[in-house]
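Scope of the values below: all heavy atoms of this structure, side chains included, with no hydrogens, waters or symmetry mates. This one's a predicted model, so the numbers in the text were calculated from it and none came from an experiment. Note that ligands are numbered from 1 as they come in the structure, with each ligand's atoms numbered from 1 the same way.
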Amino acid sequence: MKNEVQVLYGLIRERRSIRRYARRPVERAAVERVLAAATWAPSAHNRQPWRFAVIDDDALQARLADAMSAALRADLAADGLSPDQIEAQASRRRERLTRAPVLILLCVTMADMDAYSDAKRSHAERTMATQSAALAGQNLLLAAQAEGLGACWLCAPLFCPDVVRAVLALPGDWEPQAFISLGWPAETPHKERAPLESRVEFLT
Ligand SMILES: Cc1cc2nc3c(=O)[nH]c(=O)nc-3n(C[C@H](O)[C@H](O)[C@H](O)COP(=O)(O)O)c2cc1C
């Protein structure tokens with residue numbers, strides 16, 4: 001196998017979600033490199049419907065974490081969880097968001113996508129935009145791995161998009177999808193995958 005193929009498969013195989021980070025800053029140039037890699041993802045009609053907001057300011061991160069924890073508390077209270085359970089989950093969310101040296105908010109926008117008059121095609125177009133943004137996210141995760149950085153996809157913004165939008169004063173068409181946390185790894189987690197046969201059918 002050619003060397004670059006082995007390198008690519010190695011990066012894909014060895015990437016893990018990293019949730020603990022060293023107290024070492026991530027240089028802006030590295031953040032720009034992983035973002036540039038993200039934008040080379042394929043996208044529907046090549047409309048590039050991804051948008052990114054980079055948050056590496058402690059005070060802003062804390063404001064965001066407070067507001068998102070409050071939103072989580074409200075959701076969990078509505079679910080009927082006990083105050084202890086609510087507090088445990090809310091403080092875990094706060095910790096995840098404040099301990100990462102950099103948070104990259106991945107958004108999708110429908111601004112440049114096609115508009116349809118019927119719900120079926122509108123839904124398909126929205127799905128294509130979201131799929132495109134997710135591919136950009138995966139590029140970003142792999143580029144981070146290539147840089148030796150740790151990263152983790154965090155779905156929380158999807159559950160409180162208005163809170164995220166308000167705290168970050170995002171443009172109206174930016175729809176928050178996920179945070180990708182970024183930093184120098186301080187853990188080496190292990191993960192397994194289900195056997196290929198359990199997920200793949202070769203059809204004849
Ligand atoms: C759509 C999506 C949402 C995720 N949300 C979270 C999350 O909110 N918090 C978290 O710690 N990890 C989250 N993850 C990371 C997964 O837990 C992780 O990818 C999975 O356990 C496999 O581990 P690996 O990435 O190390 O291979 C998410 C991943 C994806 C793709």
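Leu105 has its side chain within reach of Pro157: a pair of non-hydrogen atoms, C-beta onward, lies under 4.5 Å apart. Contact check for Val164 versus Met68: side-chain heavy atoms found under the 4.5 Å cut-off. Side-chain atoms of Pro185 and Arg19, non-hydrogen and from C-beta on, never get closer than 4.5 Å to each other.
Partner Glu175 forms a side chain to side chain donor-acceptor pair (under 3.5 Å) with one of Arg51, Arg126, Arg165 and no other, that one being Arg126.
Looking only at heavy atoms of the protein, atom 25 (O) of ligand 1 is closest to Ser17 OG, 2.5 Å. The protein heavy atom nearest to atom 7 (C) of ligand 1 is Trp153 O, 3.5 Å. Here the protein heavy atom with the shortest distance to atom 9 (N) of ligand 1 is Leu154 CD2, 3.5 Å.
By the 3.5 Å distance cut-off applied to N or O atoms, Cys155 is counted among the residues near ligand 1.
For Arg16, heavy-atom contacts with ligand 1 shorter than 4.0 Å involve the backbone as well as the side chain. Residue-level proximity to ligand 1 for Arg193 is carried by the side chain, the only part with a heavy atom below 4.0 angstrom. Only the side chain of Cys152 comes within contact range of ligand 1, with a heavy atom under 4.0 Å; no backbone atom does.
Not a single heavy atom of Pro189 sits less than 4.0 Å from an atom of ligand 1.
For Arg16 and Glu187, the salt-bridge test fails: no basic side-chain N is under 4.0 Å from an acidic carboxylate O. Look at Asp56 and Arg28 and you find a salt bridge, because one of the NZ, NE, NH1 or NH2 atoms lies within 4.0 Å of a carboxylate O, short of that distance. Salt bridge status for Asp66 with Arg63: absent, with no side-chain N to carboxylate O gap under 4.0 Å.
Evaluated by nearest non-hydrogen atom to atom 16 (C) of ligand 1, the leading choice among Lys191, Glu14, His190, Arg19 is Arg19.
Atom numbering of ligand 1 starts at 1 in the shown order; those under 4.0 Å from a heavy atom of Arg96 are 11 (O).
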